[in-house]
Amino acid sequence: MKVVILAGGGGTRMSADGDLAPKPMLDIGGRPILWHIMRSFCLQGFDDFVVAAGQQSEKIKRFFLDEVDTAGDIAIDAGRREIARTGGSDDHWRVRIVDTGLHTETGERVMRLRDLLGREPFIVTYGDSVSDVDVQAVVEQHRRRGHLVTVTAVRPPSRFGGIRFDGDKVAGFVEKPQIGEGWINGGFAVFDPAVFDHPALAARGATLNGLFETLANERRLGAYRHEGFWLAADTLRALKLLEGLWDSGEAPWIRPAMAPAAAAHGSA
């Protein structure tokens, strides 16, 4: 099953060097968040990627080219003009970076990949958020319920710290709990290929949000409720939180929850 990663939006200056950079290229522990997303999928058996690029796509391409060129050990014989390579990258994925337009809407980006995605279900996610969602459980629910699209619903972390009570006394504080701020679309959606024939996706200027609203009205949109970790690198504070989790060795997205009972948490 192919995984489409939307990475065509405008840049941000949250990068370490302050330069304008695509959000998927924001650095977490020396690797772009795009790498972290792909690594999380690979750990669950999904290793065939299509990156829907747009603005500054050359930076995304350069990262993958450099990863291949500089991985492993290199022995250079300058006199004979020979280069020998040993070892290589630990990443065993296939990735295609596709220029889907500079100002293309999200739905149009997916539509432009139609010929690459074939006639099988596929996954679409955003290039700026990580999660420990059980992707296989989302896929299984999608197949079981027969919806045209199944999105992963998440609860974003609160912007404020929480308080733990012991009666009327304060027992402690909880940093940024994931509590009742409402469910949102966290990405990690499974699409049936029949979606390409839906007018809401085929229309000029189509957006995924517009598609989802239309499918919801038609009762053809499913949702898998994910109660675990999810965070988008949409603020400097969120980016620093992700960096801290990675540096601590406790990054949830690199050790995704894949308990057999995980599918039981999903619902239509």
Visitor: Does this structure show an ion pair linking E67 with R62, if we count only N-O contacts that are shorter than 4.0 Å?
Guide: no
Visitor: Test of understanding: with salt bridge (charged side-chain N to carboxylate O under 4.0 Å, His left out), list the residues that count as partners of D247, not counting sequence neighbours.
Guide: none
Visitor: Taking only residues at least two apart or on different chains, which pairs with a member in residues 97-116 satisfy salt bridge (Lys or Arg N to Asp or Glu O under 4.0 Å)?
Guide: K61-D99, R114-D197
Visitor: Can you sort out the partners of A194 under side-chain contact (heavy atoms from CB on, under 4.5 Å), two or more places apart, ordered by chain and number?
Guide: L148, D192
Visitor: Can you name the salt bridge (charged side-chain N to carboxylate O under 4.0 Å, His left out) partners of R81, sequence neighbours left out?
Guide: none
Visitor: Please list, chain by chain and in numerical order, all residues satisfying salt bridge (charged side-chain N to carboxylate O under 4.0 Å, His left out) with E250, sequence neighbours excluded.
Guide: R255
Visitor: Any chance you could measure R96, atom CZ, to L113, atom CG, to the nearest 0.5 Å?
Guide: 10.0 Å
Visitor: I'd like to check the side chain to side chain donor-acceptor pair (under 3.5 Å) partners of T150; sequence neighbours left out, ordered by chain and number.
Guide: H142
Visitor: Testing the basics here: between V51 and A7, what is the closest heavy-atom pair and its distance to 0.1 Å?
Guide: CG1-CB, 3.8 Å
Visitor: Spell out, yes or no, whether I60 and L102 are grouped together once hydrophobic residues are joined by side-chain heavy atoms under 4.5 Å, including indirect joins.
Guide: no
Visitor: For residues F63 and P32, report the shortest heavy-atom separation together with the two atoms involved.
Guide: CE1-CD, 3.5 Å
Visitor: Tell me the side chain to side chain donor-acceptor pair (under 3.5 Å) pairs involving residues 204-222, sequence neighbours left out?
Guide: H198-E218
Visitor: Which residues pass the side chain to side chain donor-acceptor pair (under 3.5 Å) test with D48, not counting sequence neighbours?
Guide: none
Visitor: With sequence neighbours left out, write down each residue that passes side chain to side chain donor-acceptor pair (under 3.5 Å) with K240, or none if nothing qualifies.
Guide: none
Visitor: Closer than 3.5 angstrom, by distance alone: can the side chain of S57 be matched with the main-chain N or O of A53 as a donor-acceptor pair?
Guide: no
Visitor: Report the residues that fulfil side-chain contact (heavy atoms from CB on, under 4.5 Å) with A206, sequence neighbours left out, ordered by chain and then residue number.
Guide: none
Visitor: Looking at I37, is its backbone amide N or carbonyl O close enough to the side chain of S40 to form a donor-acceptor pair, meaning the two atoms are under 3.5 Å apart?
Guide: no
Visitor: The criterion is ring-ring contact (aromatic ring centres under 6.0 Å, His included); which residues satisfy it with F196, sequence neighbours excluded?
Guide: F122
Visitor: Kindly write out the residues that satisfy side chain to side chain donor-acceptor pair (under 3.5 Å) with W35, not counting sequence neighbours, or none if the list is empty.
Guide: D91
Visitor: Please check: side-chain N/O of T106 versus main-chain N/O of L208, any donor-acceptor pairing under 3.5 Å?
Guide: yes
